[in-house]
Amino acid sequence: MQSENQFIDLPVLTEKNITLALKREDLIHPVISGNKYRKLKYNLLYAKEEGFRTLLSFGGAFSNHILAVAAAGNENSFETIGIIRGEELQQKLGLNPTLSRARNLGMQLKFISRDHYRRKGDTDFIEALKKEFGDFYIIPEGGTNGLAIKGCEEILTEGDKQYDVVTTCVGTGGTIAGIINSSSSHQEIIGFSALKGGFLSDEIRTMTTGDNWKLKTNYHFGGYAKVSETLVDFINNFKTETRIPLDPIYTGKMLFGLLDMIKNDNFAPGTRILAIHTGGLQGIAGMNRVLKKKNLPLLDI
Ligand SMILES: *Cc1c(COP(=O)(O)O)cnc(C)c1O
């Protein structure tokens, strides 16, 4: 399955003579949007081949990945279990659009404390889960493993070789690793980190041997899932001007950063850029609840 590249028309692009297209991976599936679809594809095939009937994964309150696993399980006849960070969410499940949608898709949710959640990689922790739920296929938090990277290698197509620069959002780094693997050496891949902290470059290096990439770490707006009025205004204006919705955790921050770099002449005139819209739009509803509580302007729906 391939998604369409859509050319963006904005005054700054004309002024700086930059071509920018967005690869609409957000439109690839009605619920399993963007890179989460790519990351699950080969994991689902493997789990089926190996005879697993249940998928288990981990995530937080807004997790695009948790909802993607719930929807993919529902579509492919797997039982699904979500181990969720934060015991306090259990009482407020009805107020959380991501988690209530996951539950409506049949996912069994288990809420655990943040301390407990940190131990999710430990053998005794997994053994206890097996006692509770029976056998399952584990998909790591954020969905990144070797099969996920293989799926993300299918994001770029032959036709995309015409682009000089490809940009994507970075959480765990699995998506950018797949993109780097299938890119051409003449292309530069730029990742925009959605989290604070410099450890991500090392993580990416463990997943790919390509060296035609760099990571921008100054557009996270204070850290993972942190938002500001500036970011909300940017996302709302971008939607008004292009009719393309962006999410506040990943793609909004990437486009903000990319247009800022273009404004500041980080790219030579004539550069052709392809930005991957990795999806995540389901998170807007949950973020609006947070913004409302803080009396900040809301994201347009
Ligand atoms: C999960 C996610 C990412 C991050 O992908 P990684 O492979 O973890 O780096 C980027 N964008 C969106 C919309 C996501 O849901």
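Order of listing sets the numbers, starting from 1, for every ligand and every atom in it.
- Scanning the protein for heavy atoms near atom 11 (N) of ligand 1, the closest one is T278 OG1, 2.7 Å.
- Between the N104 side chain and the S100 main chain, a donor and an acceptor come within less than 3.5 Å of each other.
- Under a 4.0 angstrom heavy-atom cut-off, G173 registers as being in contact with ligand 1.
- Checked by atom type and distance alone, the side chain of H116 never pairs as donor or acceptor with a backbone atom of F111 at under 3.5 Å.
- Ranking protein heavy atoms by distance to atom 3 (C) of ligand 1, first place goes to N35 ND2, 3.2 Å.
- Under a 4.0 Å heavy-atom criterion, V170 is in contact with ligand 1.
- Across the listed options I149, L200, T172, T172 owns the non-hydrogen atom lying nearest to atom 8 (O) of ligand 1.
- Judged as a salt bridge (Lys or Arg N to Asp or Glu O under 4.0 Å), not a single pair has a partner in residues 55-77 (not counting sequence neighbours).
- Of the heavy atoms in T175, both backbone and side-chain atoms come closer than 4.0 Å to ligand 1.
- Remark: of the listed residues N96, T98, L93, L93 is the sole one forming a side chain to side chain contact (heavy atoms under 4.5 Å, CB included) with R103.
- Without hydrogens or angle criteria, K253 side chain to H220 main chain gives a donor-acceptor distance under 3.5 Å.
- Checking side-chain atoms of T206 against main-chain N and O of E203 turns up a donor-acceptor pair under 3.5 Å.
- Closest to atom 1 (C) of ligand 1 among all protein heavy atoms lies K36 NZ, 1.5 Å.
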